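Since the structure is predicted, the reported quantities are computational estimates derived from the model, not experimental observations.
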Amino acid sequence: MVRFTLDDQEIVVPEGITVLEAARRSGIFIPTLCDDSRLEPFGGCRLCVVQVQGIPRLVTACTTPVAEGMRVQSTNEEIERRRRTIVELILSDHPNDCMVCEKAGDCNLQELAYFYDLRTNRFYGQRSQRLVKDQNPFIERDMEKCILCGKCVRACYDIQGVGAIDFTSRGFTAKIAPPFEKDLDCEFCGQCVSVCPTGALMSKQSLGKGRQKDVQEVDTICPYCGCGCNLTLHVSRNEVVRVTSRPDTINEGWLCVKGRFGYSFINSPDRLKTPLIKKDGKFAEATWEETFDYVATRLGAIKSKHGPDAIGGLSSARCSNEENYLFQKFMRAAIGTNNVDHCARL
Amino acid sequence: MTNSLAEIENNDVLFVIGSNTKESHPIIALRMIKAKRKGAKIIVADPRRVPMVRFADIWIQHRPGTDVALLNGMMHVILKEGLFKKDFIESMTEGFDEEFRKNLEEYTPENAAKITGAPKEKIIEAARLYAGSDRAGIYYTMGITQHAHGTENVFSIANLALLTGNLGKEAAGVNPLRGQNNVQGSTDMGCIPNMYPGYQRVAIAAIREKFEALWKVKLSEKEGMTATEMIPAAEKGSLKALYIMGENPVVSDPDCTHTIKALKKLELLVVQDIFMTETAELAHVVLPGSSFAEKVGTFTNSERRVQRVRRAVNSPGIAMKDSLIIIELSKRMGYEMNYPHTVEIFREIGQVWPALAGMSYARLDDGGLQWPCPTPDHPGTQYLFKGGFPRGKGRFTTVMFKPSAEQPDQEYPFILTTGRQLFQYHTGSMTRRVKPIDAISPEAYVEIHPEDAGALAIEGGSRVKVSSRRGSITVKAVVTKRPAKGMVFIPFHFKEAAANVLTSSTTLDPIAKIPSFKVSAVRLEKA
Amino acid sequence: MPGDITINICMGTGGIAAGGEAVMSAFEDALASADIAASVKKHCAAHKVGCRGFCARDVLVDVIENGGKHTYEYIKPDMVKRIVEEHLAGGQPVQEWLVKEDYHTFHGKQVRAVLADCGEMDPEDIEAYAGRGGYEAALKSLTSLAPTDIIEELKRSGLRGRGGAGFPTGLKWEMARNEPGDTKYIICNADEGDPGAFMDRSLVEGNPHAVIEGMLIGAYAIGAQRGYVYIRAEYPLAVQRLTIALGQARERGFLGRNIQNTGFDFDIKVKLGAGAFVCGEETALIASIEGNRGMPRAKPPFPAQKGLWGKPTVINNVETLANVPYIMRKGSGWFAGFGTEKSKGTKVFALTGKIRNSGLIEVPFGISLREIIFDIGGGIEGDRKLKAVQTGGPSGGCIPASLMETSVDYESLASAGSIVGSGGMVVLDETDCMVNVAKYFLEFTKSESCGKCIPCRVGTMRLLEILTRITSGKGRPGDVELLQELSEDIKMTSLCGLGQTAPNPVLSTIRYFKDEYDAHIIERRCPAGVCKSFIAFTVLEEFCKGCMACVRVCPSGAIVGEKKKPHRIVQDVCIKCGACFATCKFQAVRKRAVYGEIHTR
């Protein structure tokens with residue numbers, strides 16, 4: 001454990017953690033756009049600059065490990081003035097079209113602009129010209145909104161092990177792009193979308209379907225493979241419009257292409273909406289009453305004629321524990337057979 | 001999984017065999033990559049150059065179906081070089097006898113190399129690496145199990161872990177990765193013909209009596225049929241009615257033609273699903289169920305973690321909750337089920353199976369719990385067999401290599417392996433209805449090694465007719481070095497060119513009744 | 001009977017550009033020709049040597065006989081025959097081609113310590129280096145000194161990093177030595193990127209073995225098994241000579257396994273940089289060697305703790321390393337005998353700009369700027385007035401003429417608002433606009449920023465835009481203050497040295513030449529007559545002879561007029577390049593400020 005002083009408050013934290021992490025644990029807010037505790041520190045946005053006694057220049061809290069006896073000032077007039085300049089500089093190279101931006105209301109940059117009351121900007125001039133369109137089916141890349149925090153690059157390489165994007169070009173023309181600035185061609189896990197602090201990376205499927213303030217979030221579990229990833233469904237007008245995941249879950253907030261983008265089957269027009277009974281080789285819509293009676297009668301007839309073992313049941317690995325429990329109970333208790341199985345082998 | 005997902009990143013060595021983790025379990029693969037970034041070594045054994053190979057320190061490209069020879073070869077080296085854990089074997093296991101050791105003698109690295117086609121140096125290297133670590137985990141999936149000798153493959157894996165003491169501790173273990181979100185739960189809940197919920201055997205009278213008392217009904221003494229047995233029974237006419245909830249056997253089961261034929265013979269086929277699947281098309285009655293986003297309950301993942309499922313939207317039309325459908329049907333069959341709320345069902349599960357007794361919806365709210373969790377103050381179980389095995393001791397099983405039932409011959413010279421790819425899921429009933437996914441992965445294909453493609457004058461992107469003794473399909477050729485020479489791969493997600501037209505429903509594992517999807521003999525022709 | 005004659009021909013990049021290779025082969029041809037007496041031929045040898053420093057006079061040729069040395073300047077191949085005939089064969093130097101007095105004053109106040117062998121021997125010949133005492137220091141270090149002895153000796157010498165920051169080298173080595181671990185690295189930073197700088201380039205070209213020897217001693221001192229020289233691919237000659245030297249060092253057993261039977265293993269790899277200025281920053285350089293994009297990361301951990309591949313790594317600049325063998329050979333006392341209290345030894349500078357004697361110079365620390373500019377440099381070209389000296393490249397600042405007594409050392413230059421830097425020294429005169437100078441450097445840093453951190457990436461762009469606005473007549477009251485505020489924010493918040501120092505040219509020009517900024521903003525005037533928005537070119541009819549010379553050089557076709565009749569410049573078409581102004585022999589083309597004042601050439 002290490003003892004240090006943060007804003008005149010003595011704090012004890014485990015060795016090796018950064019000043020930013022220590023501040024978070026102590027409930028002290030330090031702004032940042034490029035830090036994510038799941039990713040390697042980057043030190044690019046410079047918003048988390050703090051003063052450390054004995055160091056003449058400001059240092060970034062995200063890259064500075066706490067040391068015994070260190071004295072850190074997280075905020076004061078000078079620090080806030082410099083942070084404000086940084087946000088001002090970002091906004092001087094940003095479309096600032098929050099009124100129509102998909103990310104509005106859920107945008108870290110917008111929050112900071114509000115926090116620093118940036119109604120006017122001392123800086124203006126050239127804006128970065130960056131690719132806006134990308135034909136891939138999943139990810140909308142509006143790179144003019146990119147602030148080069150590098151989170152997507154780190155998530156893509158360090159976490160996903162893909163490396164589909166990286167920094168390219170220098171200076172003011174620096175940008176993040178796939179090799180040779182072609183269209184994105186990757187695993188489409190969307191980790192990049194999930195870590196983007198601005199509206200530079202968005203899910204194409206979600207565009208125009210409702211901004212964050214309009215959605216209701218529901219935590220649940222992914223319907224695909226057996227990882228058991230935690231999903232947060234964003235629901236607007238009885239439709240799932242976006243899927244995210246919380247970082248404090250077993251999947252640490254990471255999802256795959258199916259988990260993150262494979263949800264629109266829920267609202268597919270192909271969904272079965274009424275019971276169907278086949279008559280003369282064709283399905284006809286039926287009420288539940290008719291259907292239950294029909295099935296129960298037929299099953300009862302077969303059971304009494306051929307015995308319960310002439311009936312089998314296949315349950316689903318896509319259904320819940322409760323449903324599976326009821327299904328086997330139905331087969332065993334109501335029908336009277338152990339002919340019950342599911343697709344574990346397939 | 002004996003161990004937990006979070007432990008993966010603390011492994012020193014990961015032995016990934018028969019698992020295309022990066023595509024089939026992408027998020028588990030991320031934990032493996034994290035382990036790699038922290039310095040772990042990764043061994044991948046797979047006949048295909050799966051994406052995980054990119055992260056591997058050792059890649060063993062063995063022939064499909066030769067896992068036992070590979071694993072026995074590794075154990076031979078471990079034995080010969082004295083790398084096994086003597087103390088662990090003495091105190092925790094049984095069956096490490098003359099017969100077991102003698103059997104391994106013939107699996108010298110040279111012989112194992114001959115059978116598997118992998119270089120002996122790599123087998124030796126992998127054996128040393130795995131045995132040399134105290135935190136070595138084995139991860140496998142259907143590449144191990146979907147064989148006519150799948151059970152023996154699993155025994156072999158268990159042998160390897162027991163030999164090196166990599167069981168019953170953190171960041172180690174034998175870890176089958178489950179392929180479907182709640183396949184663990186379905187099994188736990190007793191949707192298997194020989195077990196009641198919680199792996200309690202139907203055949204044991206005392207257990208049956210317990211359930212009879214709880215459910216207040218007389219229960220059958222006879223073990224039931226597995227899914228792979230029900231289909232032939234339907235064809236034979238001994239099975240008259242089938243109630244299928246959320247399954248699509250026409251596409252997922254081996255030998256589609258046979259499956260369709262069998263299902264058509266049924267007097268009553270009831271299919272409960274959210275889409276008009278290929279199986280539902282054949283049904284007499286179709287019951288509209290609910291998707292995961294429309295219901296309340298729990299799923300159990302690969303690491304035995306029970307987690308909460310919550311309702312986000314309403315079902316379309318008059319589609320109903322699946323549990324309500326069952327309750328209604330049961331009532332009409334004369335057996336009342338009385339559950340005012342889903343939570344009552346969960347409570348009953350806890351009563352019949354002690355491993356879940358300590359769980360409640362409230363406790364599950366914060367990240368779920370791993371069974372066994374017998375009491376309300378139990379924290380759940382991160383890894384199994386800590387301090388011992390439920391049967392007393394871990395048992396070594398002598399396993400000999402057996403060639404796969406269907407071998408390539410002159411008529412069908414290629415080995416076909418079916419499996420999954422990243423973008424689609426299972427029979428595609430969900431993912432193929434997601435526009436961007438279908439845009440990126442629109443059709444079926446067969447992966448062919450460039451040398452094989454060259455010999456048959458097949459060009460990448462052209463149509464290829466793939467035939468087996470069961471039937472044939474026409475798919476797009478993808479010429480790639482992913483499969484080895486002599487091997488082809490087809491994903492099974494695409495109903496238009498269903499890979500399961502080609503697979504066999506008769507070459508099942510005798511114990512687990514699992515089809516041998518990983519080895520079928522096929523022929524390729526330009527279409 | 002004549003004694004041995006050695007002919008040294010400057011074949012640094014400057015020498016080659018001036019035709020050194022042709023001169024060399026002219027000597028070889030002449031010596032091989034039948035006309036020359038066999039007795040002369042036998043004793044003559046022509047060598048290529050590295051940079052001599054006085055690049056303005058290239059090609060320089062030394063003829064050395066019986067210890068006496070005659071130096072010729074501006075030599076062309078067709079002059080060689082006469083030198084051979086009259087001087088080599090006849091014993092009579094060709095007086096009119098010998099260097100003049102100013103060549104000697106150029107060298108008068110210089111001290112050639114690290115450059116002692118540069119320009120005096122063939123850099124592609126390890127024997128030449130060994131013959132002048134080369135590798136003695138390495139041999140002594142490896143066989144009779146403990147690593148800590150070497151570090152102590154270096155600490156006593158007071159050697160500080162010559163790359164710019166001036167960190168004590170002995171201390172840096174000690175830090176790396178004390179880090180635990182078996183694998184360590186030493187890297188030579190030869191990624192010289194300042195515009196107009198050629199110190200390291202000349203050193204590698206003129207004496208690559210000194211760099212190798214310095215690395216070998218360093219490797220032994222810190223316990224490194226492998227070294228890298230990170231050098232710009234744009235320095236092909238330096239790369240070539242370094243590669244040759246590495247091969248020779250390996251052959252002679254100064255690199256490789258079991259060096260000189262001491263049991264010490266060490267080898268050096270050359271890594272070519274792609275010309276990114278930021279890769280001179282050590283963490284970016286390491287990233288580049290590792291195969292990643294050259295982007296700096298935050299320090300700590302310092303490279304001495306966690307450097308290349310995560311191992312303790314020492315990174316020294318070329319000049320620092322080249323000093324090491326001389327210090328180890330001649331002793332720390334000898335080295336510390338030069339310089340000031342805190343800045344010991346000598347420093348190599350690339351003296352350029354509006355100076356008469358531009359070239360590579362080596363001076364002891366403590367010399368004044370005035371001595372460098374007027375004694376060594378020979379003063380300003382065309383007898384114009386000195387305005388300022390820019391030192392330290394894009395990270396440095398401008399020191400005004402009034403401060404020419406400033407001592408050249410780390411501390412004094414810093415307190416004058418500039419830095420020693422890696423050794424660039426650009427002399428500016430009254431025809432240089434200081435706002436434009438600041439703009440020039442910002443143009444450079446803006447383009448060379450890696451783009452990782454916001455203050456540097458966006459901030460330097462905004463600084464440049466404000467400067468551009470000022471130089472194009474659109475400056476606004478408050479712009480100077482805005483420049484200062486933004487500069488301070490960039491300095492305080494940038495990630496690496498590039499951004500932290502990028503505003504220095506702006507701040508130092510504002511500090512000393514605020515009047516020029518004000519002239520641009522308030523009076524709409526560029527006092528130096530440089531900024532195009534404030535000037536116009538016109539033809540004075542009464543002076544114009546109608547010679548058409550200006551019409552021919554005008555790139556935009558802006559000058560109209562017939563032969564022998566006065567010409568006229570069409571202002572809308574004129575791009576103000578000044579070609580006509582420079583060409584007119586009759587002072588008929590006039591540059592005039594948009595507001596009144598007329599400049600003549």
Side-chain angles (χ1 to χ4, degrees), chain A residues 137-138 161 218 220-221 223-229 233 235 238 251 254 256 258 262 264-266 268 270-278 292 295-296 298 302 306 310-326 328 330 333-334 338-346, chain B residues 26-27 33 178 180-183 185-186 189-191 193 215 217 224-227 230 239-247 252 268 284-286 288 291-293 297-299 301-302 307 309-310 312-313 316-317 322-323 326 328 330 332-333 335 342 345 349 425 430-431 433-434 436 439 514:
Chain A
F138 295 96
V218 179
T220 189
I221 304 300
Y224 292 110
C225 81
C227 296
C229 295
L233 307 181
V235 182
N238 198 40
N251 48 303
W254 310 122
C256 75
K258 299 183 286 278
S264 56
F265 73 89
I266 302 167
S268 165
D270 295 352
R271 280 290 298 273
L272 293 171
K273 295 174 193 72
T274 60
L276 301 167
I277 299 174
K278 206 177 252 171
F292 286 137
V295 173
R298 296 287 308 271
I302 291 168
H306 303 285
I311 301 171
L314 292 180
S315 183
S316 174
R318 215 83 59 253
C319 287
S320 69
N321 287 324
E322 291 76 359
E323 288 156 352
N324 272 290
Y325 178 81
L326 287 192
Q328 60 87 34
F330 171 77
N338 284 313
N339 286 341
V340 58
D341 201 4
H342 71 291
C343 59
R345 299 166 190 82
L346 308 172
Chain B
I27 301 306
I33 294 170
R178 308 305 308 250
Q180 308 186 53
N181 64 332
N182 199 33
V183 70
S186 306
M189 292 307 113
C191 284
W215 292 347
V217 67
M225 286 185 277
T226 65
M230 286 184 214
L239 191 78
K240 303 286 181 194
L242 191 54
Y243 174 19
I244 301 178
M245 172 173 80
E247 291 275 278
S252 65
L268 177 67
H284 301 94
V285 181
V286 176
S291 81
F292 81 108
T298 56
F299 286 155
N301 77 350
S302 279
Q307 302 190 98
V309 177
R310 299 180 183 84
V313 291
D322 296 86
S323 50
I326 299 168
E328 283 299 320
S330 193
R332 281 167 174 78
M333 292 297 291
Y335 183 76
T342 323
I345 310 173
I349 297 168
Y425 181 73
M430 300 185 330
T431 48
R433 287 182 170 86
V434 177
I514 195 164

Which one of [options] has the most heavy-atom pairs closer than 4.5 Å to chain A?
options                                : result
B:Gly190, B:Gly317, B:Pro316, B:Gly185 : B:Pro316
B:Glu328, B:Arg178, B:Lys240, B:His284 : B:Lys240
B:Ala312, B:Gly246, B:Ala439           : B:Ala312

Stepwise, does the side chain to side chain contact (heavy atoms under 4.5 Å, CB included) test hold for B:Met189 with A:Ser315? CA-CA 10 Å; B:Met189 292 307 113; A:Ser315 183; over 6 Å; no
Yes or no on side chain to side chain contact (heavy atoms under 4.5 Å, CB included) for B:Ile27 and A:Cys229, after CA distance, side-chain angles and deciding distance? CA-CA 8 Å; B:Ile27 301 306; A:Cys229 295; 3.4 Å; yes
Contact leader toward chain B among A:Ala334, A:Ala333, A:Cys256, A:Ser264, where contacts are heavy-atom pairs under 4.5 Å: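 Maximum pair count with chain B is reached by A:Ala333.
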Partner chain B: residue of A:Gly161, A:Cys225, A:Ser268 with the largest heavy-atom pair count (under 4.5 Å):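 Looking at each option in turn, the highest pair count goes to A:Cys225.
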Using the rule given for side chain to side chain contact (heavy atoms under 4.5 Å, CB included), can you reason through B:Met225 versus A:Asp341, listing the C-alpha separation, both sets of side-chain angles and the distance that settles it, and then say yes or no? CA-CA 8 Å; B:Met225 286 185 277; A:Asp341 201 4; over 6 Å; no
Please flag which part of B:Val217 lies under 4.5 Å from any non-hydrogen atom of chain A: side chain, backbone, both or neither.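 Just its side chain gets close to chain A.
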With a 3.5 Å distance limit and no angle check, can you tell me whether B:Ser302 reaches the backbone of A:Gly226 through a side-chain donor-acceptor pair?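 Yes, because the side chain of B:Ser302 sits within donor-acceptor range (under 3.5 Å) of the backbone of A:Gly226.
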Side chain / backbone / both / neither for A:His306 at chain B, heavy atoms under 4.5 Å: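 The answer is the side chain of A:His306.
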Using ring-ring contact (aromatic ring centres under 6.0 Å, His included) as the criterion, list what pairs up with A:Tyr325, not counting sequence neighbours.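 For A:Tyr325, no residue satisfies ring-ring contact (aromatic ring centres under 6.0 Å, His included) once neighbours in sequence are set aside.
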